[in-house]
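For reference, the structure is listed below as structure tokens.
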Amino acid sequence: MVMELARPRPIWQIMFSTHHTDVGLLYLITSLAFMFMGGALALSIRAELFFPGAQIIGDAMTFNRIFTVHGTTLIFLFILPFASAVGNYFVPIMVRYKDMAYPKLNAIAFWMIPPAGALIWLGFADFTWYATPPYSVISAPGPAADMWIFGLKILGVSSILGAINFIVTILKCKHPDMPISKVPLLAWSFLSSSLIVLVALPTFAAALLMLLTDRLGASGFFNPAVGGDPIAYAHLFWFTFHPEVYVLVIPAIGMMYEIIPRFSRKPIFSASSGIAAFVLLSIVGFASWAHHMYATGMSFTEKTVFMVGTLAAVPASAMHVFNFLATMWGGRIRFSTPMLWAVGGIALFFSAGAGGVVNSAMPLDFVTHDSYWVVGHFHLFVMGTILFGSVGYLYYMFPYVTGRMYNERLGNIHFVLSFVGTVMVFFTQHVLGLFGMPRRVYDYPPIPEWIAMNQIASVGAMIIGVSMVIFLANMLHSTARGRPADMDDPWGLGAKYYYPYERKNPQH
Amino acid sequence: MSGHSNFPEWVYIGVVVALLCWVGAEAWNVERIVEHIPEDAELIKVTGQQWFWTFEHEDGTKRIGELRVEAGKAYRFEITSKDVIHSFNIHDYVVLLDAVPGRVNTVWFAPMEAGEHDIQCREYCGLIHYNMRGKLIVEEAA
């Protein structure tokens, strides 16, 4: 039996467990809860911007707090924990080990997330997910800002612990008969993203401490009034968070690598090129951080260096797209729900990447920078690619987790509405950015084009909202009452569901 | 393990790399030209603070929220901030540069036709960031 929920256990048995699937389940439920919370904030932002002028949110401060917590929540409390959930469930099984390398560390890494989430949500800071200094040092109201800093600090430690655990599990605990080149691509994606976390994250951890001491008045690293430099923070922040973008996207690509060959009923076109692309991306990803900073007054040479570094990361992503399409080419494809999400995710990944090339070209960046173009661009990654890959994988692992089958028709409707909504919101926002609308604004002047495009985006957001309600209903109902899944082959693909390691690790 | 050839993938990567090289070279070339400030550009000091823009001309005239220039002349902006980071933006002329406290950033433009354009702040700077707006008024050359 692989069922988690069909075999009732008291909740504390799962909560205090260190077994990898139990911790995975905790990660899964927590991340989905935060996804719905962050999504609700997104809907309130879109409702506010439906017309110029104040709509449903009373004042600018509340609006600023909402988009800050929206971004922080969905990146740190949804995307990262969701990837950890998938990694916890499947990495030990893929490397044929009985659990994660350090089960207690694994549980500790998870249990840091709820207090961090509480700090972020109870504080409700307003200085954007970037915590922009010197605003965050001299202007942002406490204790919200300090609570945010502590929350992120805790999440950073949690990420580092999780990354160490994945690296050791994959490199040291894999079955001795299994060469590293035969480790499935999903596990490879966790290996590369965990390595990025280890290299990148300490920089931001340091920057957060400096920000905190600045706020306390004990130092002035980022405060120009006492001789500091806010641009230094930008470098430290983006040195962590540009690579972090790949930390977010690589596991989602890994999930697509699980789904696409299964539902195309063909082996991956080239596993070695997938591995090469992961490794390449995790190295080249470190050469591009300052492309977020062209407009801070960088010299021509600096801009050129970081443009080249950014463009160098594109072929690696393009290799994944090629690999996916070549895998599907000539396959007997079955468009079940997970496959729909994965294929939709590839389409949006490609669009997001093409937009990224535009941003990286120096003169064009001065058109798009800090406008709604950027909002549309990165949402095509975080929503179009990462959420699509993740939700597809969630449908794919649903029988494995619950032993039951989700409702396929509702899953299809969820996909169609989400895809249409995502295109409506984020493609429109690209154009809106070209018309000059800045991001992070509570209100905008009544320019007819701006109003029209904001309204299209808001309608799209409501469509996504509806699709997510359908998703929630499907998950809750199917978990409790779904028909039992055929555990050998839930989608009738004519192949083993969980090749070749279908066994669930015993409780210990 | 599979019998297929990887040749198409190499062709594809070659095409992608060639496209990227072209984008990079074009961007480099355009940016090089755009960043060359004409010698006769007139200086305007731009100061951002929560939540308005101040423009100071070479002759000492100072205006808040309103920038008056003449068509056909080149202008060089020296941009700074008094409190937090702002971003000085005239979207219609693709003028965009951060106003960073403690630093002076330089950008230039040369309006060709008379008209009115919006000036806005493109970097989050607090409560009234959304309304940190101004007007650019381009007048006919005297």
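So that the names make sense, note that chain A is the first sequence line, chain B the second, and so on, each numbered from 1. Remember, predicted model here, so these are calculated numbers, not experimental data.
- Contact of A/V367 with chain B is made through backbone and side chain together, with heavy-atom distances under 4.5 Å.
- Summarising the geometry of B/L20 relative to A/P315, their closest heavy-atom pair is CD1-CD, 3.6 Å, with the distance given to 0.1 Å.
- Counting only distance, with no hydrogens or angles, the side chain of A/R440 and the backbone of B/E123 share no donor-acceptor pair below 3.5 Å.
- Contact of A/F67 with chain B is made through the side chain alone, with heavy-atom distances under 4.5 Å.
- Heavy atoms of A/L364 lying under 4.5 Å from chain B are absent altogether.
- With a 4.5 Å cut-off on non-hydrogen atoms, B/D98 touches chain A through its backbone and its side chain both.
- Looking at A/L311, both its backbone and its side chain come within 4.5 Å of chain B, counting heavy atoms on both sides.
- Of all the listed residues (B/S81, B/G102, B/A27), the one sharing the greatest number of non-hydrogen pairs under 4.5 Å with chain A is B/A27.
- Interface check for chain B: of the options A/I231, A/I138, A/T128, the most heavy-atom pairs under 4.5 Å are formed by A/I231.
- Closest approach of A/P134 and B/P101 over heavy atoms only: CG-CG, 3.8 Å.
- Between chain B and the options A/D126, A/V308, A/D59, heavy-atom pairs under 4.5 Å are most frequent for A/D126.
- With hydrogens and angles disregarded, no donor-acceptor distance shorter than 3.5 Å links the side chain of A/D443 to the backbone of B/Y130.
- Counting non-hydrogen atoms of other residues, nucleotides and ligands closer than 6.0 Å to NZ of A/K266 gives a total above 12.
- Ranking A/A318, A/S273, A/A361 against chain B, the residue ahead of the rest is A/A318, based on heavy-atom pairs under 4.5 Å.
- Residue-environment remark: NZ (B/K135) exceeds the threshold of 12 foreign heavy atoms within 6.0 Å.
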Inset, instruction - Test B/D118 against A/I447 for side chain to side chain contact (heavy atoms under 4.5 Å, CB included), laying out the working first. - result: CA-CA 11 Å; B/D118 285 328; A/I447 300 166; 4.2 Å; yes
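- A/S360 does not touch chain B: none of its heavy atoms, backbone or side chain, sits under 4.5 Å away.
- Only the side chain of B/R103 comes within contact range of chain A, with at least one heavy atom under 4.5 Å from a heavy atom of that chain.
- Annotation: maximal heavy-atom pairing with chain A below 4.5 Å, among B/T106, B/L19, B/V84, occurs at B/V84.
- The candidate with the highest count of non-hydrogen atom pairs below 4.5 Å against chain A, out of B/V16, B/V104, B/L97, is B/L97.
- Contact between B/H91 and A/G433 at its shortest, heavy atoms only, is CE1-O, 3.7 Å.
- The minimum heavy-atom distance between B/V100 and A/T296, with the atom names listed, is CG2-O, 4.2 Å.
- A/K303 places a side-chain heavy atom less than 4.5 Å from the side chain of B/E35.
- A/Y233 has its side chain out of reach of B/I85: every pair of non-hydrogen atoms, C-beta onward, lies at least 4.5 Å apart.
- Between B/E9 and A/F269 there is a side-chain heavy-atom pair separated by less than 4.5 Å.
- Looking at A/D229, the atoms closer than 4.5 Å to chain B (heavy atoms on both sides) all sit in the side chain, from C-beta outward.
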Inset, instruction - Could you please spell out the steps behind the side chain to side chain contact (heavy atoms under 4.5 Å, CB included) verdict for B/I13 and A/F322? - result: CA-CA 9 Å; B/I13 291 171; A/F322 183 89; over 6 Å; no
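- In this structure, chain A has no heavy atom under 4.5 Å from any part of B/E26.
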Legend entry - Check against side chain to side chain contact (heavy atoms under 4.5 Å, CB included), B/N89 and A/F366: CA-CA 9 Å; B/N89 177 221; A/F366 289 90; over 6 Å; no
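- No donor-acceptor distance shorter than 3.5 angstrom exists from the side chain of B/Y124 to the backbone of A/Y130, with no hydrogens or angles considered.
- Between B/W28 and A/F300, the ring-plane angle classifies as tilted under the 30° and 60° cut-offs.
- Among B/D92, B/V34, B/V94, B/V107, the residue making the largest number of heavy-atom pairs under 4.5 Å with chain A is B/V94.
- Interface residue B/E31: backbone and side-chain heavy atoms are both found under 4.5 Å from chain A.
- Only the backbone of A/L434 comes within less than 4.5 Å of a heavy atom of chain B; no side-chain atom from C-beta onward does.
- The shortest heavy-atom contact between B/R122 and A/G436 is NH1-O, 4.2 Å.
- When heavy atoms are compared at a cutoff of 4.5 Å, B/C21 does not approach chain A at all.
- Looking at A/M307, the atoms closer than 4.5 Å to chain B (heavy atoms on both sides) all sit in the side chain, from C-beta outward.
- There is no contact between A/Y444 and chain B, counting heavy-atom distances below 4.5 Å.
- Using a 4.5 Å cut-off between heavy atoms, A/T368 touches chain B through its backbone atoms (N, CA, C, O) alone.
- Here the closest heavy-atom approach between residue B/L127 and residue A/A60 is recorded as O-CB, 3.3 Å.
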